[in-house]
Participant: 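Supplied in structure tokens, the structure appears directly below.
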Amino acid sequence: MVKTRFAPSPTGFLHLGGARTCLFSWLYARKSKGKFILRIEDTDRLRSKKEYLEEILESLSWLGIDWDEIFYQSQRLSIYREYAQKLVEEGKAYYREGAVFFKYQFDEVEIDDLIRGKVTFRELPKQEEVIIKSDGTPTYNFACTVDDALMGITHVIRGEDHLSNTPKQILMYKALGVFPPRFAHIPMILSQSGGKMSKREGATSIREYRAGGYLPQAVVNYLLLLGWSPGGNREIISLEEAIQTFELKGVNKNPSTFSQDKFDWLNSQYIKLKPIDELTTLVKEFLEEKKFLPQKVTLDYLRKVVALFKERISKLGDLMDWGYFCFYDDFSYSPDTQDILKRKLSKEVEVLIERLSQIEDFTKENIEKEFRQTAHFLRLKAKDLVHPTRIALTGRKIGPGLFETMEVLGKEKVIERLKRLCHWWEERN
Ligand code: GLU
């Protein structure tokens, strides 16, 4: 039976790279109807933090990744010592200055990597290496090998940054008398400018994406596309479909490049695909968590706002910015609106207010009709009235369709805000 694992060290938040490694490992287990293990590599007491561990577990669950078993290396220290002792007794390791060293019996190591093919190592940087430190904790290569062996891992799927560790681990397997698992090293993710992902470029944690209003399905989908192609130029693929079709040999041998635009585009597709009620519930939870929603907002109103923006936003967080005017009155007119506002139209807008207030059924169709007739009556082009009206209502030059926006805001708010603009003009002249 296939058994894979993800082995994060809780010394930082889960980033895209780690999440992708985990996803590929998980997919391979699920596709093969095998088992997936989560192993927390927390033997570094100083750098491991509970807060990171909690975030890693939470982010994985949020992405829809589950595990059959979870292990903590910090609870298995006696096991590593026991195996180190065994190696000492067999003359394959020895004690020095409190620590246990492992001697590499090295000739040549060949790995038949499931992604990269054959990789041969002819030398190692060191002849020997500490496996148990003087404080009794194991080092990464040893703990990893002992655990992968004891846990019966059949496929070690991990980032290519670990490729240089693999020959060392294979030599440790040999010394322990265990047949090594298969290895699959996943190429790195490069930042948009071609370098390593950095804090400034793309190396954002999963929890930050969540906080920005990315949907877990879109994050998973984007991770899938980073290094694996579902075939046939497809871009939208669900986790369920991926479980059916995922193949390690389909993983790209070359590094993939992170693209924020592509990621945002994908997220916007998922937002569009969500049925309105489901999306409204998500938005409600999201905005409530941010303490952004005013008390008085009804679910019905929120649904209208969501419908207004659904086709236009790339993440839920955009609603707090682009949709601010739907929830709050205290916005100011953005600086780039001044070229439009310099043309004072208070007399005309007063006529518009008068006419709009006559509309009984304040629907976008009725509003549009009245609006256009008013512009015509005032000998203005519709756009000359559209621009200042939009600024009055939203504070910005661009936004969703004006008449839809007016319907969502309702007659009272529309009139109030148009009056505010007239005031603003009066104050300035
Ligand atoms: N704890 C290691 C890491 O986070 C695990 C590497 C491996 O998968 O073997 O990089």
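Just follow the structure's listing: the first ligand is 1, and inside any ligand the first atom is 1. Fair warning: this is a prediction, and the values are worked out from it, not measured in the lab.
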Participant: By number and element, which atoms of ligand 1 are closer than 4.0 Å to a non-hydrogen atom of Arg158?
Facilitator: 7 (C), 8 (O), 9 (O)
Participant: Given Glu288, which of Lys290, Lys284, Lys291 fulfils the side chain to side chain donor-acceptor pair (under 3.5 Å) condition?
Facilitator: Lys284
Participant: Using modelled atom types and a 3.5 Å cut-off, is there a donor and acceptor pairing between side-chain atoms of Lys364 and backbone atoms of Phe403?
Facilitator: no
Participant: Identify, for atom 10 (O) of ligand 1, the protein heavy atom at the shortest distance, and state residue, atom and that distance.
Facilitator: His162 NE2, 2.7 Å
Participant: Is the Phe258 ring parallel, tilted or perpendicular to the Phe263 ring (thresholds 30°, 60°)?
Facilitator: perpendicular
Participant: Tell me, which protein residue and heavy-atom name are nearest atom 5 (C) of ligand 1, and how many Å apart are they?
Facilitator: Ala7 O, 3.1 Å
Participant: I need the atoms of ligand 1 closer than 4.0 Å to a non-hydrogen atom of Glu41, numbered in the order shown.
Facilitator: 1 (N), 2 (C), 5 (C)
Participant: Can you report which non-hydrogen protein atom sits closest to atom 8 (O) of ligand 1, along with the distance?
Facilitator: Arg5 NH1, 2.6 Å
Participant: Do Phe6 and Ile65 have side chains that get closer than 4.5 Å, going by heavy atoms?
Facilitator: no
Participant: Numbering the atoms of ligand 1 from 1, which are under 4.0 Å from a heavy atom of Cys144?
Facilitator: 9 (O)
Participant: Can any side-chain N or O of Arg182 pair as donor or acceptor with the backbone N or O of Val156 at less than 3.5 Å?
Facilitator: no
Participant: With a 4.0 Å heavy-atom cut-off (strictly under), which part of Ser9 contacts ligand 1: side chain, backbone, both or neither?
Facilitator: both
Participant: Is it the side chain (CB and beyond), the backbone, both or neither of Tyr140 that lies under 4.0 Å from ligand 1, heavy atoms counted?
Facilitator: side chain
Participant: Donor-acceptor pair, Thr154 side chain versus Lys3 backbone, under 3.5 Å?
Facilitator: yes
